[in-house]
Amino acid sequence: MKRNRLVATTVASTITLALALTACGSGDSGSGDGASGEAKSGDIRVWLVGTDTPQEARDYLKTTFEKENEGSTLTIEEQSWTGLVDKLTTSLASSDSPDIVEVGNTQAPAFTSAGFFKDLTGEFDTLGGDDLLPAFVDAGSYDGKFYAAPYYAGSRAVFYSQQVVGDGFKVPTTLDEYVTQGKALTTETRSGIYWPGQDWYNALPFVWENGGFIAEEKDGKWEAGFSSEGGIQGLEQVQDIMNTASRAPKDGQETDQQVPFCEGNIGFLSAPIWVQWSIKAPADAKAPGCPDTYGSDLHAFALPGKEAGKPAVVLSGGSNIAIASKSKNPDLALKAYEIMLSDGYQKLMAAEGLIPAKISQAEFLPAGEIIEAGAAAAATAKGVPASPKWADVEAKRYLQDAFVQIAQGGDVKAIAEKLDQQIEETLNS
């Protein structure tokens with residue numbers, strides 16, 4: 001199995017199919033089937049990252065597992081994306097390893113190649129086989145073996161509220177027009193384009209659209225491209241936005257963005273499509289949104305590219321899930337794993353706007369403007385360099401540190417050259 005992690009064509013066609021089928025409707029696709037055979041009772045720990053997994057899916061997993069495996073318990077432990085690679089590396093190597101873990105699709109190769117995950121090659125067909133998102137299967141495979149199944153996929157779109165942009169607003173058709181409109185929406189308290197300093201994800205479209213690149217492998221060696229001519233042009237545009245159109249903290253993270261959005265302090269918010277649920281979350285939710293104010297007229301469009309009428313190339317995103325090699329109850333872990341990949345569970349993921357791991361469940365994605373914007377963005381989305389050592393780049397926070405420096409007005413060329421050096425040293429080590 002190849003290890004290409006681009007999800008562009010696959011995800012776009014998946015969403016397109018879903019939009020067509022949603023109008024027709026469909027019945028329940030069933031619930032998770034327990035693994036065949038008997039397994040001793042025990043306690044299973046599942047690490048999920050962030051709040052993207054909906055509560056309904058979490059409840060479904062726990063209830064179904066404990067019903068099908070009497071005497072056993074399943075505990076979901078929520079982790080943070082910040083510092084995840086280091087925490088996984090330590091925990092998966094310990095005697096107290098979690099049983100099932102979620103990992104970002106860009107991080108998965110580092111763990112599959114290091115032996116942290118259980119070999120599931122023999123279970124591939126049972127877990128979904130050709131119904132699983134191919135690009136994420138590739139991300140979870142190494143040296144011809146299958147270790148980490150897809151969990152969900154997604155892309156980014158630009159969110160806005162009609163109350164903020166005004167009745168005369170027209171969706172920008174080019175990247176330059178997007179920047180111009182963002183600046184026009186900026187006030188002393190409002191970010192026309194919300195951009196916390198550590199957010200490197202949203203910088204990549206500007207690098208790619210200007211002809212730059214992250215890193216490319218040539219003759220067995222990796223060459224980084226943030227300091228290339230196109231890379232510098234893109235980064236200078238990013239710095240301009242950070243300094244003139246954003247009121248976000250210069251050292252801030254891409255978390256809890258619904259808070260300033262719900263305060264009416266964001267014009268454009270470029271974020272994964274599932275952020276819509278944080279914005280629309282009820283006031284009594286764990287992380288409340290604003291369903292009755294700015295969330296009541298939420299809209300989105302695909303970030304436009306340099307050329308009018310074409311979406312910008314954005315970063316593909318999503319997660320894989322794996323069973324830890326050091327799981328104390330691998331048979332029970334497999335039973336829980338099968339539930340997470342069942343039609344019933346994946347249907348719940350799709351209903352929240354997360355592109356499901358199973359292509360067949362994409363029909364349950366909600367139709368509408370936001371999903372359509374995500375589909376348009378996904379059509380040209382691409383991933384980070386396909387190196388098992390890319391996770392080390394993220395773990396060392398080279399990108400976050402570089403973009404904080406850019407946000408603080410540092411010399412773009414010098415920052416880019418240092419970042420390229422750090423990336424090359426890491427990928428080529």
Side-chain angles (χ1 to χ4, degrees), residues 26-79 91-92 96-103 116-133 136-137 140 146-153 318-352 354-365:
S26 179
D28 193 323
S29 291
S31 62
D33 296 322
S36 60
E38 296 296 328
K40 295 179 180 179
S41 61
D43 302 324
I44 296 298
R45 295 164 58 211
V46 179
W47 279 18
L48 297 179
V49 189
T51 59
D52 297 331
T53 299
Q55 189 60 47
E56 292 84 353
R58 297 175 188 230
D59 294 341
Y60 180 92
L61 171 60
K62 180 176 177 63
T63 301
T64 304
F65 175 82
E66 293 182 355
K67 179 180 178 181
E68 295 180 352
N69 301 277
E70 188 175 351
S72 297
T73 62
L74 184 145
T75 302
I76 294 173
E77 300 174 358
E78 187 173 303
Q79 307 299 318
S91 300
L92 291 171
D96 190 33
S97 170
D99 299 282
I100 297 175
V101 296
E102 175 186 355
V103 62
F116 283 112
F117 296 157
K118 179 179 172 60
D119 181 356
L120 297 172
T121 306
E123 313 296 335
F124 179 72
D125 290 334
T126 302
L127 294 171
D130 292 340
D131 196 23
L132 299 175
L133 290 172
F136 281 68
V137 170
F146 176 64
Y147 294 94
Y151 188 44
Y152 66 82
S319 292
N320 286 66
I321 49 173
I323 297 175
S325 295
K326 291 197 172 186
S327 167
K328 295 177 181 178
N329 295 290
D331 291 339
L332 279 174
L334 179 59
K335 288 175 177 287
Y337 197 77
E338 286 183 335
I339 295 171
M340 297 177 78
L341 291 170
S342 70
D343 289 354
Y345 187 92
Q346 286 296 316
K347 174 183 175 181
L348 294 173
M349 299 289 281
E352 290 295 311
L354 301 168
I355 299 168
K358 302 178 81 170
I359 297 170
S360 61
Q361 298 308 295
E363 65 178 287
F364 296 106
L365 283 164

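Contact record, Ser97 with Leu92: OG-CD2, 3.7 Å, taken as the closest heavy-atom pair. Considering every non-hydrogen atom in both Ala149 and Leu341, the closest pair reads CB-CD1, 3.6 Å. The two residues Pro150 and Leu133 have their closest heavy-atom pair at CG-O, 3.7 Å. Minimum heavy-atom separation, Gly344 to Tyr60: CA-OH, 3.7 Å. Here the closest heavy-atom approach between residue Ala357 and residue Gln346 is recorded as N-OE1, 2.7 Å. Taking all atoms of both residues into account, the shortest heavy-atom contact from Ala57 to Leu348 is CA-CD1, 3.9 Å.
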When the side chains of residues 124-131 are checked against the rest of the protein, which donor-acceptor pairs come out under 3.5 Å, sequence neighbours left out?
from   : atom 1 : to     : atom 2 : distance (Å)
Asp131 : OD1    : Ile359 : N      : 3.3
Asp131 : OD1    : Ser360 : N      : 2.9
Asp131 : OD2    : Ser360 : OG     : 2.6

What donor-acceptor contacts under 3.5 angstrom involve side-chain atoms of residues 43-50, with partners at least two apart or in another chain?
from  : atom 1 : to    : atom 2 : distance (Å)
Asp43 : OD1    : Thr73 : OG1    : 2.5
Arg45 : NE     : Glu77 : OE2    : 3.0
Arg45 : NH1    : Asp96 : O      : 3.0
Arg45 : NH1    : Asp96 : OD1    : 3.3
Arg45 : NH2    : Glu77 : OE1    : 3.3
Trp47 : NE1    : Glu77 : OE1    : 2.7

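With respect to the salt-bridge test (charged N to carboxylate O, under 4.0 angstrom), the residues Lys358 and Asp343 qualify.
A donor-acceptor pair shorter than 3.5 Å can be found between the side chains of Asp119 and Thr121.
In this structure a side-chain-to-backbone donor-acceptor pair under 3.5 Å is present from Glu66 to Leu74. Asn320 places a side-chain N or O within donor-acceptor distance of the main-chain N or O of Phe136, the cut-off being under 3.5 Å.
In this structure, CD in Glu68 is found 11.0 Å from OG1 in Thr63, a value given to the nearest 0.5 Å. Going from atom NZ of Lys118 over to atom CD of Glu123 covers 7.5 Å, rounded to the nearest 0.5 Å. In this structure, Asn329 CG and Ser41 OG are separated by 8.5 Å, a value rounded to the nearest 0.5 Å. Here the CD1-CD distance, from Ile76 to Gln55, works out to 7.5 Å after rounding to the nearest 0.5 Å. Residue Phe116 holds its CZ atom at 10.0 Å from OG of Ser91, rounded to the nearest 0.5 Å. Once rounded to the nearest 0.5 Å, the distance linking OH of Tyr151 with CD1 of Ile100 reads 10.0 Å.
Proximity of Ile323 to Leu120: side-chain heavy atoms (C-beta onward) are separated by under 4.5 Å at one or more points. Side chains of Asn69 and Leu332 form a contact here, defined as non-hydrogen atoms less than 4.5 Å apart. Pro54 places a side-chain heavy atom less than 4.5 Å from the side chain of Met349.
Residues passing the side-chain hydrogen bond (donor to acceptor under 3.5 Å, both in side chains) test with Lys326, sequence neighbours excluded: none. Scored by the side-chain hydrogen bond (donor to acceptor under 3.5 Å, both in side chains) test, Glu78 finds Arg58 as partners (sequence neighbours excluded). For Phe117, the ring pair (Phe, Tyr, Trp, His ring centres under 6.0 Å) test picks out Phe111, with sequence neighbours left out. The ring pair (Phe, Tyr, Trp, His ring centres under 6.0 Å) search around Tyr152 returns Trp274, not counting sequence neighbours.
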* How far apart are the C-alpha atoms of Thr64 and Tyr345, what are their side-chain angles, what is the distance that settles it, and do they pass the side-chain hydrogen bond (donor to acceptor under 3.5 Å, both in side chains) test? -> CA-CA 10 Å; Thr64 304; Tyr345 187 92; over 6 Å; no

